[in-house]
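Okay, so here's the structure we're looking at.
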Amino acid sequence: MNIGVFGHGWWEEACERLSHEVVSLPVAEHPSGNAHAADLAGRLQTGTAAVARLADRPVDILVDQGGTGLGFSRGSSGSDDLKLAHDAAGKVLLSHFVAPLPSTFRGLDWQVMWQCLQSSRWGKAVWDRAQATELQQFGVPCVVHLPMAAMDRSYNTQPLDPAKTKPIVSFVGEQNTAYFAGNNSIPSRDLLAGILAQSIRADIPGTPFYDVYHEIYGLGEPPCEGDDAQTRANKAFAYFGAKLFFNASQCIRNRDRFVIYLRRKLPSQFQLIGTGWDTTYGLPATPPLETAGACANHFREVAVNLNLVDGDAETGLNMRHFEITASGGFMLCYDQPELAEHFEVGKECDVFRNERELLDKIQYYLSHSDERIAIARAGQERTLSHHLCSHRLQTLLRMVQSDSPPVDYSTSNMWDDSKSLVPEADMVLDCGANTGQMARGYRNAYPTAEIFSFEPVSSVFEQLRETCDNVGAHPVKKAVGDHDGQAMINLTASPEANSLLDFQEGNPCAKWTRVVGRESIEVCTLDRWCDENEIDPRRIDIVKLDVQGSELAALRGATKVLEAARLVYLEVSFVPMYLDCPLFGDIDTFLTSRGYRRHAVYPSDQPRHWGDALYVRV
């Protein structure tokens, strides 16, 4: 494949590793040298040059870092007729964003940027899942979650030598927020959303800022289906403006506090490398390491590499997670919601959650070199086999290959995986039981478990009751959701597709989801159901959800249940199957923010449209 790469960076090496031919293209220009600051004129100049270059070179796809390949070219109608350069060239552009989108287009007017984001030929791969989700919520098309990675280069894979290791802890990184500088006057109204979000996250770690802003406190009107482009852009502008203080305060919470703490607690054993620490906090630091090779050597030379994400991260990992481990260094990092998806904590890296735990872990690993070296080696093996830029490029390319599935499906069996993760179960909640197909499976897998099967539709419930009698399960004639009361359920052409959500025109399963009638049913939250039936939620080991688009509502009504459940198995959609149904990314963000790790996704008979996912409590 011929791939057009904007600028020199990690994509060129990734292309070479995968044997793709690279066509080099110019990035947007700005006098400061920062391509993200390029204005409309600068992007017009480089966009025009890129279109001209692409006219005589065969290129299949375009990729860039952080939108630096976004350019413009003039149409045939005059100076005011501007087109996106990749559209003018008839190509798809794939951008990997490793910072919030507003900061990557700081040289463009907000309205211009928002209009550009609507391009359906522009794939936006976002490193932080919460940030990807919020863009999807605002209606930005072609947004996916794609983590950061280590560059494709030659790494030293020899085991670390404890005799050559400096017995210190080191942090390599800049102090990168000026929000709290002494001369920065901040109106108190700009602080409220960030303070509320940090307060909520202190009690419920990982709660997305989007949920705090729109759903919990209603600080702004959320995007609606009927919003025009101008209204949606204005809502997004207000939202991202309110988020600035949250991002700045995250810098203190995720990074700066620990640097300040270690400088005071371990003055002789803590090495700080980077700029800004002296001017902001009066902390002495050594100059930045100049090359990737120098960084890799440093990560191998020190006993403990401290990794701290900056304020832009809500759930995601920074590039340093992968650089340290790829180099073979031992990494101790602040716990992040997405970490367990990429590394096995305690075996491939280790984490801390507060200052006391940080100090304890440092002292432990400084005195346990064998264990530290074993973890570093396992972490390197993980990154080099799964987390290089070439792995991320393969994911990007699959986005535009129509015959590729939307996720990496597991080749294992759900029942085998469940038994491996939870050998014995006390209680199983089978929600959306239909006629009891899964109840039979759970009875075979867990002979002694108490099983409750929820099904609200009268005609289907009678068949479920018979199955439950045969397998020793308890039928419950209710739907599960985020409220208690009565509701109308849509009866569909296929009874397995009955849904509380309305019909989505043009959905790929329309012949099964077509509405043929309605029925009044009873809805309950799982938390309230447990209270009413005097069931201790801590008894519940497995929650299964197949509720036809209402999975997220059911999860929101199961706060207490999810605090204890060990496995969650549920259906996930990759395209809208019902009107306003949550997609896979929404479910994934919700569960990972509440302490679950995605173990596997299993293909359905329509693998491009939907599948089944298994999550395990971390």
Side-chain angles (χ1 to χ4, degrees), residues 1 3 9-20 63 96 98 125 127-129 144-160 292-293 295-297 299-300 305 307 309 316-333 336-351 370-399 401 404-412 416-417 420-421 588 592 597-603 613-616 618:
M1 180 180 288
I3 300 179
W10 54 73
W11 293 135
E12 288 194 358
E13 288 79 2
C15 287
E16 292 173 3
R17 184 182 182 91
L18 298 174
S19 300
H20 295 303
V63 298
H96 190 200
V98 297
W127 69 290
D128 183 285
R129 182 177 284 110
V144 297
H145 171 238
L146 186 70
M148 294 190 190
M151 292 182 64
D152 290 88
R153 57 186 299 272
S154 178
Y155 291 96
N156 183 347
T157 57
Q158 294 298 313
L160 296 174
C295 286
N297 290 335
F299 297 146
R300 294 179 61 86
N305 290 282
N307 184 26
V309 298
L317 309 185
N318 61 12
M319 191 169 290
R320 194 74 79 214
H321 283 91
F322 306 106
E323 292 173 334
I324 293 172
T325 51
S327 301
F330 169 76
M331 179 174 68
L332 178 63
C333 55
Q336 279 287 97
E338 293 182 34
L339 182 67
E341 299 175 29
H342 299 86
F343 297 100
E344 188 171 354
V345 175
K347 293 186 177 180
E348 298 169 342
C349 67
D350 208 349
V351 301
D370 290 346
E371 186 174 349
R372 186 182 72 230
I373 290 170
I375 291 174
R377 186 165 183 80
Q380 184 177 47
E381 291 174 355
R382 170 71 68 175
T383 295
L384 296 186
S385 61
H386 290 83
H387 303 315
L388 295 175
C389 289
S390 53
H391 298 123
R392 306 297 186 246
L393 180 61
Q394 287 177 312
T395 301
L396 278 177
L397 296 179
R398 284 198 294 267
M399 290 174 56
Q401 295 172 347
S404 297
V407 295
D408 290 326
Y409 281 117
S410 174
T411 58
S412 60
D416 291 340
D417 287 352
S420 174
L421 295 167
D588 199 66
T592 54
R597 171 179 59 83
R598 183 182 355 125
H599 179 77
V601 182
Y602 309 95
L614 182 67
Y615 289 81
V616 59
V618 178

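Just so you know, these numbers use all the heavy atoms, side chains as well, and skip hydrogens, waters and symmetry mates.
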Nearest heavy-atom pair of [X] and [Y]: which atoms, and what distance?
X    : Y    : value
G293 : R153 : CA-NH2, 3.6 Å
I375 : G346 : CD1-O, 3.6 Å
G329 : N305 : CA-ND2, 3.9 Å
A150 : Y155 : CB-OH, 3.8 Å
P337 : E341 : O-OE2, 4.4 Å
G379 : F343 : O-CE2, 4.2 Å

Side-chain donor/acceptor of [X] to backbone N/O of [Y], under 3.5 Å:
X    : Y    : value
N318 : H321 : yes
Q380 : N156 : yes
H145 : A125 : no
S327 : E323 : yes

- Query: Can you check side chain to side chain contact (heavy atoms under 4.5 Å, CB included) on I3 and L397, steps first, answer last?
  - Reply: CA-CA 10 Å; I3 300 179; L397 296 179; 4.2 Å; yes
Give, for atom [atom1] of [X] and atom [atom2] of [Y], the distance between the pair rounded to the nearest 0.5 Å.
X    : Y    : atom1 : atom2 : value
I324 : T383 : CD1   : OG1   : 10.0 Å
L421 : L614 : CG    : CG    : 6.0 Å
S390 : H20  : OG    : NE2   : 9.5 Å
E16  : D152 : CD    : CG    : 9.5 Å
Q336 : N307 : CD    : CG    : 9.5 Å
L339 : D350 : CG    : CG    : 9.5 Å

- Do the rings of H342 and H387 sit parallel, tilted or perpendicular, given the 30° and 60° boundaries? tilted
Report yes if some heavy atom in the side chain of [X] is under 4.5 Å from a heavy atom in the side chain of [Y]; otherwise report no.
X    : Y    : answer
L160 : R300 : yes
L393 : W10  : no
W11  : R392 : yes
T325 : E348 : no

- Message: Restricting to salt bridge (Lys or Arg N to Asp or Glu O under 4.0 Å), what partner residues turn up for E338, sequence neighbours left out?
- Response: none
